[in-house]
Amino acid sequence: ASKDGVPGDGRPAAAQAPATRVDAATLRELTQHVLAVPAGFTVHPKLARQLERRGHAALAEDTVDWGLAEALAFASLLRDGTPVRLTGQDTERGTFSHRHFVLHDVATDATWTPLRNIPGARASFEVYNSPLSEYAALGFEYGYSSCAPEALVLWEAQFGDFSNGAQIVIDQFIAAGQAKWQQTSRLTLLLPHGYEGAGPEHSSARLERFLQLAAEGNFRVANPTNPAQYFHLLRDQAANTMPRPLVVMTPKSLLRLPAALSRLSDLSNGAFSAVIDDAGASEHRDDIRHVVLCSGKIYYDLTLDAARTARTDLAIVRVELLEPFPFEDVLRVIASYPHTARVTWVQEEPKNMGARAFVSRRIRERLTPVGILFDDIGRPDRASPSEGYPGAAAAEQERIVREVLDARVGDRS
């Protein structure tokens, strides 16, 4: 049992060696290097302005977006001596035009890859656009990562949905390779996930499939909500003393959402947090009666809604790591609100998808004995992951937000 009296899960913690911190001065230096181009190299004017804004934001305003956080994670690992290999569909640029690891001279068509030219780097950096054959590409990267355990090998789907094409590799090798053959790998899957009204083939990375496959510490599944969390997650994956795959639900609209930016100091001073408490609600814990647990983009849909400020009895808590599920951290946060009467899991996915079933069977039985109601809110059960029309998707998203923010303790969804 936890020290708060809420029953714990009792499973042994996985061996995890936190990555060493990167000091602020080094991050500022690396920022300049990852955005630098050689003299005479002509970047497209629109992209040049984007990169200039990114550098100014980091160095003058202490704000970091997702693309820069990722580049800094890789650059710092290269300095540490960890090789990095990243492949995927349109990965050199980034499907959402957020990465730009390979720059093209608009006058000569020459290319420049800043991460291959980091002063003091002690390891190699590889980035390639892979063909639209997820089965072949992911199978190759799994084999590569198994044969190069010292490297951080990552494969990115153009949209998380497209990993469907590699499901055989995921089922037979990534999920079960260690149990069947003692085959270890620190392969990392980057799967864009989130409901922005783009339709059923561009919304869901099928989080539920990975959680259904999760057992015996076979891999980690994370859904980080800000660039600093992503930075620390990547560095921790490279430093993990027990190599195993990592599945990351990566963002789309959050890539440029102002509320989802981090500070450069969060990268230098912080660490990955499996659970993030509600900073505002923590200032008046005695008033909280309803704790909402959520993961990913829905957090911003809830917290940026105008009605959120009126709910002084509500705390919105982010679960950033879903597997291994952070039982003690979640239960400790709930117990820190002494008058909690209701805990709700909220997700944008249909109720037969996402993390609902995975979380519910782990949390409900621990809350019921202490008199706390547990329920959930999301899209109704569906055969298809999402609506096919932007307007219909927006209406469903609004309904979920309204159901959460208009609910009071004693109501049941």
- Note on the structure: V127 and E92 have their tightest heavy-atom pair at O-OE2, 3.7 Å
- Message: Which label fits H193 and Y195: parallel for a plane angle under 30°, tilted from 30 to 60°, or perpendicular past 60°?
- Response: perpendicular
- Task: Might you confirm whether atom CZ of F162 has over 12 heavy atoms from other residues, nucleotides or ligands at distances under 6.0 Å?
- Result: yes
- Query: Does H44 use its side chain to pair, donor to acceptor, with the backbone of H104 at less than 3.5 Å?
  - Reply: no
- Side chain of S386, backbone of G199: donor and acceptor closer than 3.5 Å? yes
- Hey, is the main chain of S273 close enough, under 3.5 Å, to the side chain of Q229 for a donor-acceptor pair? yes
- Does the pair D161 and S204 meet the rule for a side chain to side chain donor-acceptor pair (under 3.5 Å), with working shown? CA-CA 5 Å; D161 314 61; S204 176; 5.3 Å; no
- Task: State whether the side chain of D62 and the backbone N or O of L264 hold a donor-acceptor pair below 3.5 Å, judged by distance alone.
- Result: yes
- Answer yes or no: does atom CD of E150 have more than 12 heavy-atom neighbours from other residues, nucleotides or ligands under 6.0 Å? yes
- Within 6.0 angstrom of R289 CZ, more than 12 heavy atoms from elsewhere: no
- Over 12 foreign heavy atoms within 6.0 Å of OH, Y135: no
- Message: side chain to side chain donor-acceptor pair (under 3.5 Å) for R263 and N269? Distances and angles first, verdict last.
- Response: CA-CA 10 Å; R263 295 172 297 175; N269 297 326; over 6 Å; no
- Item | Working for side chain to side chain donor-acceptor pair (under 3.5 Å), residues Q89 and T95 | CA-CA 7 Å; Q89 300 154 353; T95 294; over 6 Å; no
- Query: Do R342 side-chain atoms and L373 backbone N/O form a donor-acceptor pair below 3.5 Å?
  - Reply: no
- Query: K252 versus K297: any side-chain heavy-atom pair under 4.5 Å?
  - Reply: no
- Note on the structure: Correct closest heavy-atom pair for H284 and T312 would be CE1-O, 3.0 Å
- Donor-acceptor under 3.5 Å (R244 side chain, R220 main chain): no
- Task: Step through the shown structure and confirm whether more than 12 heavy atoms of other residues, nucleotides or ligands are within 6.0 Å of CD on Q183.
- Result: yes
- Any donor-acceptor pair under 3.5 Å linking the side chain of R122 with the backbone of P83? no
- Query: Closest heavy-atom contact between T31 and A58?
  - Reply: CG2-CB, 4.1 Å
- Test log, rule side chain to side chain donor-acceptor pair (under 3.5 Å), inputs Q178 and E216: CA-CA 10 Å; Q178 183 173 359; E216 302 179 290; over 6 Å; no
- For W345 and A355, the nearest pair of non-hydrogen atoms, with its separation, is CZ2-CB, 3.7 Å
- Query: Under a 4.5 Å cut-off applied to non-hydrogen side-chain atoms, are P192 and T250 in contact?
  - Reply: yes
- Out of E349, E403, E387, E398, which one pairs with R379 under the salt bridge (charged side-chain N to carboxylate O under 4.0 Å, His left out) rule? E387
- Query: Are the side chain of R308 and the backbone N or O of L405 linked by a donor-acceptor pair below 3.5 Å?
  - Reply: no
- Message: Cation-pi check for F210 against R206: NZ or CZ below 6.0 Å from the six-membered ring centre and within 45 degrees of the axis, yes or no?
- Response: no
- Task: State, to 0.1 Å, how close S145 and S185 come at their nearest heavy-atom pair, and which atoms those are.
- Result: OG-OG, 2.6 Å
- Task: Would you verify whether the NZ or CZ of R285 falls within 45 degrees of the ring axis of Y337 while also being under 6.0 Å from that six-membered ring's centre?
- Result: yes
- Atom NZ of K180: over 12 foreign heavy atoms under 6.0 Å: yes
- Query: Does the side chain of L234 reach to within under 4.5 Å of the side chain of F74, using non-hydrogen atoms?
  - Reply: yes
- Query: Closest heavy-atom contact between V319 and S295?
  - Reply: O-OG, 2.9 Å
- Query: For L302, does its backbone N or O pair with a side-chain atom of D305 as donor and acceptor, under 3.5 Å?
  - Reply: no
- Task: Just say parallel, tilted or perpendicular for the rings of F159 and H202, cut-offs at 30° and 60°.
- Result: perpendicular
- Message: Once you measure the plane-to-plane angle for F325 and F327, does it fall in the parallel (<30°), tilted (30-60°) or perpendicular (>60°) bin?
- Response: perpendicular
- Residue pair Y299 / N226, side-chain heavy-atom distance below 4.5 Å: no
- Task: Taking the side chain as every heavy atom from C-beta outward, state whether L211 and E323 have any pair of such atoms under 4.5 Å apart.
- Result: yes
- Query: Does some side-chain heavy atom of V401 sit less than 4.5 Å from a side-chain heavy atom of V404?
  - Reply: no
- Message: With a 3.5 Å distance limit and no angle check, can you tell me whether R362 reaches the backbone of F358 through a side-chain donor-acceptor pair?
- Response: yes
- Query: Can you find a heavy atom in the side chain of V22 that is under 4.5 Å from one in the side chain of F231?
  - Reply: yes
- Message: Could you go through F101 and Y128, starting from their C-alpha distance and side-chain angles, then the distance that decides it, and tell me whether this counts as ring-ring contact (aromatic ring centres under 6.0 Å, His included)?
- Response: CA-CA 10 Å; F101 280 171; Y128 302 108; over 10 Å; no
- Would you mind checking if E396 and R399 are paired as a salt bridge, meaning a charged N to carboxylate O distance below 4.0 Å? yes
